[in-house]
Participant: 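Here it is, the structure in full.
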Amino acid sequence: MMHTTAEQKALHKAELKKAELRKPRGNHTGRRLRMEGTRMECPHCKATCEIRTSKPVSATMRETIYQCTNVECGHTFVATTEIVRTLSPSATPDPTVNLPLSTHVRRDMMRVVLDNAGEAAHDAMYTQPVTGDLFAGDKPAGASS
């Protein structure tokens, strides 16, 4: 049986829709949660929790209020997220933020790279440039004492 072009397009569309429905949807079903990367499980009923609000405590810490999505549980709690160490140093570091380097960072190798690296012009597009050598111990230009 031959199908017209319109019928072929409709059949193709139906096949695509079926394939879309068979795709895995990830770990959860239903609507997508806000700030999915910071999801947390309820410590009581193990249901997924949603972020209700959050506020910065410092440059390296944030306090977040979570609420359980299980209506029978309804647990609401506060969690803190803290940055504890640097795995890869920033190209635009803030001298006021003091984070320890992870023990896996080879400091001697980083020093050799920095000592032997040349310089190339760069115009920062998204961050303010930091002046001064952060490793020399001198205060950056414009810093007050």
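Heads up: numbering here begins at 1 and tracks the sequence.
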Participant: So which of T96, T92, N98 actually passes side chain to side chain donor-acceptor pair (under 3.5 Å) with D94?
Facilitator: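 Only one option passes, and that is T96.
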Participant: Kindly state each residue pair satisfying ring-ring contact (aromatic ring centres under 6.0 Å, His included) with at least one member in residues 76-110, sequence neighbours excluded.
Facilitator: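 Counting only pairs at least two positions apart or across chains, the ring-ring contact (aromatic ring centres under 6.0 Å, His included) contacts touching residues 76-110 are Y66-F77, H75-F77.
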Participant: Heavy atoms, side chains only, cut-off 4.5 Å: are R52 and Q67 in contact?
Facilitator: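 Sidechains of Q67 and R52: in contact.
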Participant: Let's go through S54 and R62 carefully: what are the C-alpha distance in whole Å and the side-chain angles of both, what is the deciding distance for side-chain hydrogen bond (donor to acceptor under 3.5 Å, both in side chains) to 0.1 Å, and is it a yes or a no?
Facilitator: CA-CA 7 Å; S54 69; R62 186 163 200 88; 3.1 Å; yes
Participant: Report the distance from atom CD1 of I51 to atom OG1 of T64, rounding to the nearest 0.5 Å.
Facilitator: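 Separation between the atoms: 5.5 Å.
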Participant: Is any side-chain heavy atom of T60 less than 4.5 Å from a side-chain heavy atom of V97?
Facilitator: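 When only atoms from C-beta onward are counted, V97 and T60 do touch, with a gap below 4.5 Å.
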Participant: Are more than 12 heavy atoms from other residues, nucleotides or ligands located less than 6.0 Å from atom CD of E82?
Facilitator: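 Atom CD in E82 is crowded, with more than 12 foreign heavy atoms closer than 6.0 Å.
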Participant: Heavy atoms only: give me the nearest C68-C49 pair and the separation to one decimal.
Facilitator: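 Taking every non-hydrogen atom into account, CA-SG, 3.7 Å.
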Participant: Give, for atom CE of M61 and atom OG1 of T81, the distance between the pair rounded to the nearest 0.5 Å.
Facilitator: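 Taking CE in M61 and OG1 in T81, the distance rounds to 8.5 Å.
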Participant: Say you draw a straight line from OG1 of T80 to CD of E63; how long is it, rounded to the nearest 0.5 Å?
Facilitator: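 Separation between the atoms: 7.5 Å.
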Participant: Suppose clustering is done on Ile, Leu, Val, Met, Phe, Trp and Tyr with side-chain heavy atoms closer than 4.5 Å. Which residues sit in the same group as V78?
Facilitator: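 When side chains under 4.5 Å apart are linked, the cluster holding V78 also contains I65.
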Participant: Which heavy atom in I83 sits nearest to a heavy atom in A59, and how many Å separate them?
Facilitator: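 Shortest heavy-atom contact: CD1-O, 4.4 Å.
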